[in-house]
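Position 1 is the first residue of the sequence, and the numbers go up from there.
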Amino acid sequence: IIQDKETFRDKAYDDARPDYDLKPGDEILGTLTIGYGHTDAARDDDEKIQIGDTVTEEEAKEILIKDLQEYVDIVNNRMKSFDVELTQAQFDGLVYATMNRPERMGDGELWRAIGSGNEEKIREEWSKTISQSIKKYPGLEGRKEEELDLFFSTPDKPDVQVQDPD
């Protein structure tokens, strides 16, 4: 899902102006990003992304898998903390959203809404996770709708247990 939504880029770019070809010394307006939306460490040695860094698609896939584990762990911890069971689609939607804004997706009100099963309340709380950033990043509205579409895509019974990272 994320590989479909995040465009692969083999060269570090500024996410505030993704089509601009960065040159050494350029001011970064947003966040340096590489691969499939990776924003922290671009290699196994955890070096910070620098202007001019490159990555192969295979490396980018490995980085994405490593990155996703962090967000899976965050969702698992919230499931435990709020004693919430999720369908696979709900789990996937939450991991996808958490990848984009981990500090906002852990909000207790959102998780209480998820626990209640009240779709209107879930949508309201989920929308609050982008409210502070929507002016700077208008594309978040569309992404939020994709996340919610995924979250609500299967109304079956809970089938995801806390996922073991091993």
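Taking the side chain as every heavy atom from C-beta outward, Met99 and Asp67 never approach each other to under 4.5 Å. Contact annotation: the side chain of Ile28 approaches that of Ile51 to within less than 4.5 Å [non-hydrogen atoms, C-beta and beyond]. Here the side chains of Asp14 and Leu22 are in contact, with some heavy-atom distance below 4.5 Å. Two residues are said to be in side-chain contact when any heavy atoms from C-beta on lie closer than 4.5 Å; Thr56 and Asp10 fail this criterion.
Annotation: side-chain contact (heavy atoms from CB on, under 4.5 Å) contacts of Asn118 (sequence neighbours excluded): Ser116, Glu120, Lys121. Residues passing the side-chain contact (heavy atoms from CB on, under 4.5 Å) test with Arg112, sequence neighbours excluded: Phe82, Glu109. In terms of the side-chain contact (heavy atoms from CB on, under 4.5 Å) criterion, residue partners of Asp19 (sequence neighbours excluded) are, by chain and number, Arg9.
Scanning both residues, Val72 and Phe91, for their nearest heavy atoms gives CG1-CZ, 3.9 Å. In plain terms, the two heavy atoms of Val84 and Leu86 that are nearest each other are CG1-CD2, 3.7 Å. Residue Gly52 comes nearest to Ala12 through the heavy atom pair N-CB, 4.5 Å, listed as atom of the first residue, atom of the second, then distance. Of all heavy-atom pairs spanning Ile34 and Lys11, the tightest one is CG1-C, 4.0 Å.
Distance CG/Leu148 to CD/Glu119: 8.5 Å, rounded to 0.5 Å. The line from CG of Asp21 to NZ of Lys23 is 4.5 Å long, rounded to the nearest 0.5 Å. Rounding to the nearest 0.5 Å places CG of Leu140 at 11.5 Å from OG of Ser127. If you take OG1 on Thr39 and CD1 on Ile63, they are separated by 11.0 Å, rounding to the nearest 0.5 Å. Note that OH of Tyr13 is 4.5 Å distant from OG1 of Thr33, once rounded to the nearest 0.5 Å.
With Thr129 contributing its side chain and Trp126 its backbone, the two residues share a donor-acceptor pair below 3.5 Å. At least one donor-acceptor pair closer than 3.5 Å links the side chain of Gln90 to the backbone N or O of Thr87. Between the side chain of Asn100 and the main chain of Tyr96, a donor-acceptor pair closer than 3.5 Å is present. Looking at Ser153, its side chain never comes within 3.5 Å of a backbone N or O of Phe151 through a donor-acceptor pair. Remark: side-chain polar atoms of Arg104 are paired, donor with acceptor, to backbone N or O of Lys128 under 3.5 angstrom. In this structure, the side chain of Asp53 engages the main chain of Gln50 through a donor-acceptor pair within 3.5 Å.
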Side chain to side chain contact (heavy atoms under 4.5 Å, CB included) evaluation trace for Arg123 with Phe152: CA-CA 10 Å; Arg123 288 181 181 279; Phe152 288 112; 3.4 Å; yes
Test log, rule side chain to side chain contact (heavy atoms under 4.5 Å, CB included), inputs Phe8 and Lys61: CA-CA 9 Å; Phe8 168 70; Lys61 288 176 184 177; over 6 Å; no
Check against side chain to side chain contact (heavy atoms under 4.5 Å, CB included), Met79 and Trp111: CA-CA 8 Å; Met79 286 174 65; Trp111 280 89; 4.0 Å; yes
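Looking at Lys144 and Glu147, no side-chain N of the basic residue comes within less than 4.0 Å of a carboxylate O on the acidic one, giving no salt bridge.
For the side chain to side chain contact (heavy atoms under 4.5 Å, CB included) with Met105, the qualifying choice from Ile74, Val95, Leu94 is Leu94, the only one to do so.
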